[in-house]
Amino acid sequence: MTFKTAKSHVVHGGTLRYLSHDSATTGTPMTLSVFVPPGEGPFPVLIWLSGLTCTEDNFTTKAGAYSAAAEHGVIIVAPETSPRGEGVADDAAYDLGQGAGFYVDATQSPWAPHFRMETYVTHELIALVDAEFPTTGTRSISGHSMGGHGALTLALRHPELFRSVSAFAPIASPTRCAWGKKAFGAYLGSDQSLWAGHDAALLIESGAARGRFDDILIDQGDADSFLVDQLKPELLEAAGDAAGQRITIRMQSGYDHSYFFMASFMADHVAFHAARLKD
């Protein structure tokens, strides 16, 4: 087995493993968790992408996803948010560097050698999971905040890989918020024409989702402190209207940006994907 198991737990009748492997894409060790539901399988896969500062452990311990995953017979894979470790470029701020990979392949120094999260998720991670777990070869993707941006853009850029996509409080349009401008400027360079291909709202507006996804599910809390300045879900709504793409945006009253919000609606997202992962 390519993966090394750090620890394993039985939960909701299935098996949760914390794993690591040496990544050929990032040139670093990478960590992740994989939940396999009870039964022999094969099972479809839901990939979860976490947000700024998170590791694979935040989702694994806080999201409360495994009861629904066991019920619907879905494997859930939660990878790290960036390469980490000695010799990997970093920044003192929380919104750049280790823990803040933004699910793009960096082209700029000092980030380019290791920060290749788009290729890691869409090629290496998927191939390894399909090779080493009882999967059907079908999958969906979801995420939160920076990971919501990642889920949307990776699904739109690689629609052949995913049956469906959803997000919690995604960074809807990184080219039009401070988090995205900072990260894209560092990782992709100053040519802003290159940024648009990693902006979910702009991709949807250009028709990237048309004919690919029957619906895109978004949950957003109206008490989220990042809602107005960083997340801007209204830009996704406008893009969907312009492109004729159905996007279900549920504005949840009183909810913030935390995992308490995600845990409250996680079962809905697992069910949303499970329905679309059926053959």
Side-chain angles (χ1 to χ4, degrees), residues 25-26 47-52 79 81-83 89 95-97 100-126 139-167 169-213 215-218 230-247 249:
T25 303
T26 67
I47 295 176
W48 172 268
L49 304 181
S50 293
L52 288 167
T81 54
S82 80
D95 54 356
L96 188 68
F102 270 80
Y103 303 101
V104 299
D105 286 352
T107 60
Q108 304 299 302
S109 178
W111 313 103
H114 302 296
F115 281 72
R116 304 184 65 232
M117 289 301 293
E118 178 174 5
T119 296
Y120 174 72
V121 172
T122 59
H123 289 79
E124 186 173 16
L125 179 66
I126 285 173
R139 69 197 67 81
S140 295
I141 192 165
S142 186
H144 169 237
S145 194
M146 177 188 74
H149 140 75
L152 291 169
T153 57
L154 296 188
L156 293 166
R157 288 169 61 81
H158 305 273
E160 73 283 357
L161 295 178
F162 304 105
R163 291 277 186 91
S164 54
V165 57
S166 73
I171 303 173
S173 187
T175 64
R176 289 174 278 185
C177 74
W179 279 343
K181 290 177 180 178
K182 180 178 180 179
F184 284 6
Y187 297 145
L188 303 176
S190 59
D191 183 354
Q192 296 190 20
S193 67
L194 301 176
W195 299 4
H198 302 276
D199 182 304
L202 295 179
L203 285 166
I204 290 170
E205 186 177 312
S206 73
R210 192 179 298 122
R212 300 289 191 168
F213 304 109
D215 192 8
I216 296 172
L217 176 61
I218 307 291
Q230 303 284 8
L231 305 178
K232 305 184 179 186
E234 69 277 4
L235 297 177
L236 286 176
E237 184 175 24
D241 290 344
Q245 170 63 43
R246 182 178 179 183
I247 304 175
I249 299 178

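Numbering starts at 1 and runs along the sequence shown. As a basis for the values below, the full set of heavy atoms in this structure was taken, side chains included, without hydrogen atoms, waters or symmetry mates.
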Handout entry: Donor-acceptor contact below 3.5 Å, side chain W195 vs main chain S190
Key = no

Completion exercise
One should read off an interatomic distance between L231 CG and S173 OG, to the nearest 0.5 angstrom, of 11.5 Å

Problem - Close side-chain approach of I47 to L49, heavy-atom, < 4.5 Å - result: yes

Completion exercise
So CZ of R157 and CD of E118: to nearest 0.5 Å the spacing works out to 4.0 Å

Handout entry: T175 (side chain) donor-acceptor with A196 (main chain) under 3.5 angstrom
Key = no

Practice task
Answer yes or no: is there a donor N or O on one side and an acceptor on the other, between the side chain of Q230 and the main chain of W179, under 3.5 Å?
Solution key: yes

Handout entry: Side-chain heavy atoms of K232 within contact of E234, under 4.5 Å
Key = yes

Handout entry: Rounded distance [0.5 Å steps], CG in L161 versus CZ in R139
Key = 5.5 Å

Problem - Side-chain heavy atoms of M146 within contact of S50, under 4.5 Å - result: no

Handout entry: Donor-acceptor under 3.5 Å (Q245 side chain, F213 main chain)
Key = yes

Exercise for the section: Would you check if the side chain of H149 reaches a backbone N or O of F102 as a donor-acceptor pair within less than 3.5 Å? Expected result: yes

Exercise for the section: Evaluate side-chain contact (heavy atoms from CB on, under 4.5 Å) for T25 paired with H123, printing each intermediate quantity in order. Expected result: CA-CA 9 Å; T25 303; H123 289 79; 5.9 Å; no

Problem - Heavy-atom check, side chain of K181 versus side chain of Q192, under 4.5 Å - result: no

Exercise for the section: Report yes if some heavy atom in the side chain of I126 is under 4.5 Å from a heavy atom in the side chain of F162; otherwise report no. Expected result: yes

Practice task
State, yes or no, whether a side-chain contact exists between Y120 and P79 at a heavy-atom distance under 4.5 Å.
Solution key: yes

Practice task
May I ask you to test the T81-L52 pair for a side-chain heavy-atom distance under 4.5 Å?
Solution key: no

Exercise for the section: Would you check if the side chain of D105 reaches a backbone N or O of T119 as a donor-acceptor pair within less than 3.5 Å? Expected result: yes

Exercise for the section: Measure the shortest side-chain to side-chain distance between F115 and P83 over non-hydrogen atoms and say whether it is less than 4.5 angstrom. Expected result: yes

Problem - Point-to-point distance, once rounded to the nearest 0.5 Å, from OH of Y187 to CE of M117 - result: 10.0 Å

